[in-house]
Amino acid sequence: MKHQSKKKSVNAATKNTKRHEKIFVALSMVFFTVFPFIARITVMKVTPDEQYYFVTQNGYISDIALFSKEIAIAAFAAIAVLFFIGERIFSDRPEPFDKEICGKLKVPLALIGLMTVFATLSMILSSNVQVAFRGVHTEFEGWIALLSYVIVFIFGLYYMRNEDCVELFKHFVVAVSIVTGVLCCIELFVKPILEFRLVQHLISSEKYRELAESIESKYFTGQSALMFNNPGFLGGFAALILPIDIALAVEAKKLWLRVIRIVASALLCVALYGSASKASWVAVVFWILAMTVILLIKALAKRRFFSHATGNGRNDHVVNNSNKSAQNCDSTTNLKSLAIVAVTFVSCIITFFGASALTRIKNGDNVIYESGPAAVSEKLYRLDSATLTDGVLTFKSGENTLVCSIDLREFFEHMDGPYSDESFIDCIIVSDGEKIIEGRKDSVYENERLEMRLPGFSPDDERFDMITIATEGQMTYFCFGYDGPAQFAMTNTGFKSFAQDDILEDTITQPAVTGLESIYGFATGRGYIWAQSLPVMADSLFIGKGCGNFPFYFRQNEIVGLLNTHGSMKYVIDRPHNWYVQAFISNGLPYLLCMIALFVIVVMKGLKRVIKNEAGIFEIGLLVGIAAFMTAGLINDSCITVNPVFWLVFGVSARRFVATNH
């Protein structure tokens, strides 16, 4: 009797432990459903480096959706660790670790451990430890966020070992898709979510209520960003989740559940459209097509195998009949799955183009504002180089050279006597490098988006008549036809250029790398950033600069590169717009190699399972989702608004591909 009582007690304790675990996983899925939409206005003082490179209000900045998310994911990670430790300490009979599974996972765990080590070393040795710890204020993805990602990955790896927990994960995927899609519909067809007064009050305390009520979205007309901080990050999120949604729709057994999942997929297509992220939808389409081709090849090969087996002259009719039955069953299942995929895909396409049509009806042709080399006037004086020597500006474009200097006698006369803001234009001398261009034509530079209207003159020379030169006092604007003008200051020693914090410089910053100009325009100017990041990467071969320190090492204010790729010189390049370059510079080359190795191992294990027919529809959805997100990472950075969800999905994928038996 004692033995039976003890056994019953142990079983009850085990069951109770599992129930607690399921409750914790359920609450965790609720957290991750809400996480992308966490926002809270925070005002904080930034570091001196940040004050130098970025525009601040007396050293203070305000944040809406980034810092609050970093705090939230760090809190979740801490709770997850405490829960795991509590399970091991307070449970009457803790569930032992499966040695076989631990053996399978030792390489991924070793790689994630090495990543943590190199990230920690890069933070400790960083020149700006505070920024490396919590991230630069434009992204708030510091060391504490990376450590949280590691814990989220292990959470997915460990707690998704039971199918009931996996079911909760599936509910999370559908729920977050529906919420995201509905909010994107509101944002695209009504107005941005953060402009609703109720939302503004929810994300602010009484102290910052007025600041919240002043929130206005000016830069993403016809696009949706929600609380992801940028439409591109929303696109990456959709690329990650959409393939899983489609797989879940195919997998569903009940009609009502399938309909809900198809609707979730269609709604997430609205988000993908609203993000205007070409990289994301190209990545999704590429990997869906790749998986489709693999599955079709497998199906055809299987059909040929059965045809050969049944037509080889055997007398064993039982075996032949069994083969035929299996073939027919597989064919029926495949046709049913393809039909569901087709219905889901068509629903997504209809939703995508429907959203496009409705958005254009609402916003007219002003759907998406594009800056960069596309945002130029019909005639452009395309700069090849710009130099400032002894107060004289030289702008070269092909075989043409424009030289601008200041008539200092005229300048001092204006300074000594009464003058207007426009009168300083008479102090500018224009030449082609050999002779002065005397003729001038009245010209006006107008830019509605920048709310600028600058009357000035164009040189009366067909080589330079697309250029408008204007002044506001001693501020001089050279409008070459790009979206924004180049700005310089008139002084008693000649022209000066502007550095950060409006500091005047005697020279113009030159590119750190030359010879790669042909790739500058790739991916809307990302080629320029990657090329100019090469010296920083070369200096991060072992230890990185620390998270968030990229803008302090990238050569800023390089006028020609910025104008040709971004259309304006008023940019601080605060991130490399490439997840892998970002990881390299932030945490060093060894960190990047470990991360790539981890990704390759999990993806290759997943592909192997697909090829061997050991993967279900859900596993295929996971594989396509993480592969699409990794591909989009070639264009997008890691971001606190999306990457916690990726590391959760990646942890679940690693569990299914690497650790789970067939």
Side-chain angles (χ1 to χ4, degrees), residues 73 77 105-126 132 135 139 141-157 233 236-237 239-240 279 283 287 526 530 533-534 536-550 575-607 622-623 625-655 657-659:
I73 197 64
L105 292 172
K106 64 182 179 182
V107 174
L109 290 173
L111 289 171
I112 202 82
L114 286 172
M115 288 168 60
T116 306
V117 169
F118 283 105
T120 303
L121 287 174
S122 298
M123 179 201 66
I124 293 171
L125 299 176
S126 172
E139 57 186 33
E141 189 185 49
W143 175 85
I144 190 65
L146 297 190
L147 182 62
S148 301
Y149 297 168
V150 171
I151 295 168
V152 169
F153 169 73
I154 295 172
F155 168 85
L157 202 63
F233 298 139
F237 177 79
L240 172 67
W287 281 101
R526 285 168 171 81
W530 301 340
S533 295
L534 289 174
V536 191
M537 294 166 68
D539 200 32
S540 306
L541 292 178
F542 184 68
I543 297 297
K545 303 302 181 185
C547 296
N549 279 269
F550 174 82
R575 62 190 75 183
H577 293 279
N578 182 302
W579 186 4
Y580 306 97
V581 174
Q582 179 189 29
F584 191 152
I585 292 173
S586 296
N587 301 305
L589 180 59
Y591 177 95
L592 174 63
L593 294 176
C594 289
M595 187 175 82
I596 292 175
L598 178 63
F599 289 173
V600 168
I601 287 171
V602 174
V603 170
M604 292 307 294
K605 289 283 188 181
L607 282 172
L622 288 172
L623 179 60
I626 62 172
F629 190 82
M630 292 170 189
T631 304
L634 293 169
I635 300 297
N636 291 336
D637 302 278
S638 175
C639 179
I640 192 68
T641 59
V642 180
N643 278 63
V645 178
F646 165 78
W647 284 103
L648 171 65
V649 175
F650 189 63
V652 176
S653 303
R655 181 79 196 191
F657 301 156
V658 181

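Here the structure is a predicted model, which means the values were calculated and not measured. Keep in mind that the numbers below use all heavy atoms, side chains included, and drop hydrogens, waters and symmetry copies. Positions are given from 1 along the sequence.
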Could you tell me the separation between the [atom1] atom of [X] and the [atom2] atom of [Y], rounded to the nearest 0.5 Å?
| X | Y | atom1 | atom2 | answer |
| --- | --- | --- | --- | --- |
| Ile154 | Leu157 | CD1 | CG | 7.5 Å |
| Met537 | Leu592 | CE | CG | 7.5 Å |
| Ile596 | Leu111 | CD1 | CG | 11.5 Å |
| Asp539 | Leu534 | CG | CG | 12.5 Å |
| Leu598 | Phe153 | CG | CZ | 5.0 Å |

With sequence neighbours excluded, tell me which residues meet ring-ring contact (aromatic ring centres under 6.0 Å, His included) with Trp287.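 Partners of Trp287 by the ring-ring contact (aromatic ring centres under 6.0 Å, His included) criterion come out as none, since no residue qualifies.
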
Who passes ring-ring contact (aromatic ring centres under 6.0 Å, His included) against Phe118, sequence neighbours left out?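 ring-ring contact (aromatic ring centres under 6.0 Å, His included) list for Phe118, sorted by chain: Phe542.
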
Nearest heavy-atom pair of [X] and [Y]: which atoms, and what distance?
| X | Y | answer |
| --- | --- | --- |
| Leu623 | Gly606 | CD2-C, 3.8 Å |
| Gly588 | Ser122 | N-OG, 4.3 Å |
| Ala632 | Ala283 | N-CB, 4.2 Å |
| Ile144 | Ser148 | O-OG, 2.8 Å |
| Ser586 | Gly548 | OG-N, 4.3 Å |
| Leu105 | Ala654 | CD2-O, 4.4 Å |

Would you say the side chain of [Y] lies within less than 4.5 Å of the side chain of [X], judging by non-hydrogen atoms?
| X | Y | value |
| --- | --- | --- |
| Met630 | Val603 | yes |
| Cys547 | Asn587 | yes |
| Leu541 | Phe584 | yes |
| Glu141 | Gln582 | yes |
| Leu146 | Met115 | no |
| Thr116 | Thr120 | yes |
| Ile626 | Leu622 | no |
| Cys639 | Glu139 | no |

Which pairs pass side-chain hydrogen bond (donor to acceptor under 3.5 Å, both in side chains) with one or both residues in residues 591-600, sequence neighbours excluded?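 Passing the test, one end in residues 591-600: no pairs.
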
Only counting residues at least two apart or in another chain, list the ones meeting side chain to side chain donor-acceptor pair (under 3.5 Å) with [X].
| X | answer |
| --- | --- |
| Asn549 | Ser126 |
| Trp647 | none |
| Asn636 | none |

Sub-3.5 Å donor-acceptor pair from the side chain of Arg526 to the main-chain atoms of Asn578, do we have one? no

Suppose we call two aromatic rings close when their centres sit under 6.0 Å apart. Are Tyr149 and Phe646 close by that rule? no

Go through Trp530 and Tyr580 one step at a time and tell me if the ring-ring contact (aromatic ring centres under 6.0 Å, His included) criterion holds. CA-CA 11 Å; Trp530 301 340; Tyr580 306 97; over 10 Å; no

Only one of Phe233, Trp579, Phe237 forms a ring pair (Phe, Tyr, Trp, His ring centres under 6.0 Å) with Phe629, so which one is it?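 The ring pair (Phe, Tyr, Trp, His ring centres under 6.0 Å) with Phe629 is passed solely by Trp579 among Phe233, Trp579, Phe237.
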
